[in-house]
Number of protein chains: 2
Amino acid sequence: MCPVRQLNIFKQLPSELVNAIENYRTEQITLPAKTFLYKQGEEHTNTYTLFSGWVMLYKTLDNGSRQILRYALPGDFLSFQADLNSPINHSAQALTECSFCVFPRQSILQMFDQHPELASQIAWITARDMSLSHEYLVNIGRKNAKERMAYLFLDLYHRLCTQMEHQEQTIPFPMTQEDIADTIGLTLVHVNRTLRSLREEGLIRLAHHRLTILDYPTLAELAGFTRPADSQPQPLL
Amino acid sequence: MCPVRQLNIFKQLPSELVNAIENYRTEQITLPAKTFLYKQGEEHTNTYTLFSGWVMLYKTLDNGSRQILRYALPGDFLSFQADLNSPINHSAQALTECSFCVFPRQSILQMFDQHPELASQIAWITARDMSLSHEYLVNIGRKNAKERMAYLFLDLYHRLCTQMEHQEQTIPFPMTQEDIADTIGLTLVHVNRTLRSLREEGLIRLAHHRLTILDYPTLAELAGFTRPADSQPQPLL
DNA sequence: TGTACTTATTAACTTAAGTTAAAGCCGTTT
DNA sequence: AAACGGCTTTAACTTAAGTTAATAAGTACA
């Protein structure tokens, strides 16, 4: 049984409701790093919540290039899309070993039926993801290489800290420089150059898949990063 | 009373439900072109559905630049954000004269209470907007100027056609070249150059705020545009 | 019907980021 | 510990897009 209680999606629900949900059959699965949870173009019948590990979500273009849409962290809700009957429009690939709770469409349908509060939680979560997606639009559309990278680092740093009560300046960083490039709309080579420059200015340290924020204020100023309001799920309206 | 029945958000609801909703007090307002529905940083207590006209939604950066997030077309749902208690994180400005249905937070709260199906409609709509936002991330992050512009034109063309049973190759185009620039992450001057090039290749005509698609297949190929599945609201799960 | 303002157009020049290519590094496997 | 593969780093060169600036064309309204 999946430890449902700690997931974002269920965090603010009254506990008798959570108990009810735990009684639905939900499967828990584990994936090794680099494997796919699902691939763009597949039919999908499940939705997932990420329980542990990092997942990257991306779209692939006809010309073979890739745009990473989002890094999913523990608690995030995956594979929810407007048209559940169409093939899924992006891929989800594990960056580290990951575990998920699986909700077959049928279970969700039943849960919605019996506990309509859930739908408003889903709306809430989708709206929060939307807001993140808008931030990244601004980031890619209107900032230069250093600013984009600083923003990416701070966003991940913050999302991880709020998720995990994690309070160091160092976070795990499982992505490669190519992943960074495909996230912020640059090339691998330019990411490397920019990284060097941030390093030489003493703003960050990034090595062996660990990122350290050395000068938070300067980095935040550079990124145009304003600490997001601490966003716990809450009654929608 | 707002002609609620035709709005996206209510389209698939059973008609006795729509009747119930029409009984809530909803105000209808009209705004002239170039005025604001709301501005980034304001507290907001209403949500809106756009009934007629075009609205642009954008974020403003500290350095004064602007990233347009989305053009809202008739039927779209506005000002819904994850944290309804925080100041709104973007601005909404009318591009043409617009009319809206206003739903005070209190009305929505009541409606949700009595008709939980509404929440899943909201989730559906938010997920659809999310998908559009992802498309634009790909567009800005991984395409060159001509491709981005071709994509923007085709997206608007399609969204307008599905909305309005509009079946010409010419659509109204109320934005300036500066607006285009702030949508696809380019400068005004480069937009003008790119526009000329598309015009010289006989792909489009754009003048006096009207856009004509002259060579759809070539434009679609260039943009990497695949016609989105006709996305009518539908039962969520 | 002219004046004022906003939008569009073009040219000349600069620069940030892309491309290609070659080494070097690191972790894993045998 | 050698050999392999995937990452990272750097350099040299190219180019797409940015900048600045000047002119022209629309549009609104007094």
Side-chain angles (χ1 to χ4, degrees), chain A residues 32-35 56 61 63-68 93-97 139-152 172-201 204-211 222, chain B residues 32-35 56 61 63-68 93-97 139-152 172-201 204-211 222:
Chain A
K34 309 205 176 175
T35 57
M56 64 182 176
L61 284 79
N63 65 26
S65 66
R66 175 180 79 148
Q67 175 66 47
I68 292 174
Q93 187 174 12
L95 277 166
T96 63
E97 185 180 86
N139 200 39
I140 297 183
R142 281 287 168 255
K143 296 186 197 159
N144 66 28
K146 263 160 84 168
E147 294 165 346
R148 292 183 205 182
M149 210 141 95
Y151 185 90
L152 171 64
F173 196 88
M175 297 86 88
T176 66
Q177 294 183 12
E178 190 168 14
D179 294 334
I180 299 177
D182 289 346
T183 308
I184 60 181
L186 298 173
T187 56
L188 168 56
V189 174
H190 200 59
V191 162
N192 187 281
R193 279 197 284 256
T194 308
L195 212 42
R196 172 158 53 142
S197 142
L198 290 177
R199 221 167 3 213
E200 282 170 358
E201 291 171 50
I204 57 142
R205 183 163 43 221
L206 175 55
H208 308 291
H209 296 292
R210 303 198 60 83
L211 169 70
L222 176 64
Chain B
K34 307 204 178 174
T35 57
M56 65 182 176
L61 283 78
N63 65 27
S65 67
R66 173 181 79 147
Q67 175 65 46
I68 293 173
Q93 187 174 12
L95 277 166
T96 63
E97 184 180 86
N139 200 40
I140 297 184
R142 281 286 167 258
K143 296 186 198 160
N144 66 29
K146 263 160 84 168
E147 294 165 346
R148 293 184 205 182
M149 210 140 95
Y151 185 91
L152 171 64
F173 197 88
M175 297 85 89
T176 66
Q177 293 184 13
E178 190 169 14
D179 294 334
I180 299 178
D182 290 345
T183 309
I184 60 181
L186 298 172
T187 56
L188 168 56
V189 174
H190 200 59
V191 161
N192 188 283
R193 279 197 284 256
T194 307
L195 213 43
R196 170 157 56 140
S197 143
L198 289 177
R199 220 167 4 214
E200 283 171 358
E201 291 171 50
I204 56 143
R205 183 162 45 220
L206 176 54
H208 308 291
H209 296 293
R210 303 198 59 84
L211 169 70
L222 177 63

Under 3.5 Å: donor-acceptor pair, side chain of Gln67(A), backbone of Asp182(A): yes
Atom-pair distance (CD on Glu178(B); P on dT9(C)), nearest Å: 14 Å
First of Asn144(A) and Val189(A) reached from the 5' end of DNA chain C, by closest nucleotide: Asn144(A)
Check: Ile184(A) and Ile68(A) side chains under 4.5 Å, non-hydrogen atoms: no
Any Asn192(B) side-chain N or O less than 4.0 Å from OP1/OP2 of dA8(C): no
Sugar-phosphate, base or nothing in reach of Arg196(A), heavy atoms under 4.0 Å: sugar-phosphate
d(CD1, Ile140(A); P, dG18(C)) in whole Å: 12 Å
Interatomic distance, Glu200(A) CD vs dT9(D) C1' [rounded to whole Å]: 12 Å
Any His208(A) side-chain nitrogen or oxygen under 4.0 Å from OP1 or OP2 of dG27(C): yes
Length of the line joining His190(A):NE2 and dT10(D):P, which is rounded to integer Å: 15 Å
Separation of dT19(C) P from Leu188(A) CG (nearest whole Å): 11 Å
Shortest side-chain distance from Arg193(B), nucleotide among dT27(D), dC7(D), dT19(D): dT19(D)
Sugar-phosphate only, base, or nothing, as touched by Thr176(B) at under 4.0 Å among non-hydrogen atoms: sugar-phosphate
Distance below 4.0 Å between Arg199(B) side-chain N/O and dT9(C) OP1 or OP2: yes
Met175(B) or Gly185(A), whichever maps to the more 5' nucleotide of DNA chain C: Met175(B)
Touch class at under 4.0 angstrom, heavy-atom based, for Leu186(A) against every strand present: sugar-phosphate
Backbone N/O of Arg66(A) and side chain of Arg142(B): donor-acceptor pair under 3.5 Å: yes
Integer-rounded Å distance: dG18(C) P and Lys143(B) NZ: 17 Å
Closest heavy-atom pair and its distance - Gln177(B), Leu188(B): CB-CD1, 3.8 Å
Between dA17(C) (P) and Arg142(A) (CZ): distance, integer Å: 13 Å
Greater than 12 external heavy atoms within 6.0 Å of Arg199(A)'s CZ: yes
Sugar-phosphate, base or nothing in reach of Lys146(A), heavy atoms under 4.0 Å: nothing
Sugar-phosphate, base or nothing in reach of Leu195(B), heavy atoms under 4.0 Å: nothing
Protein-nucleotide distance (Glu147(B), atom CD; dA16(D), atom C1'), rounded to Å: 12 Å
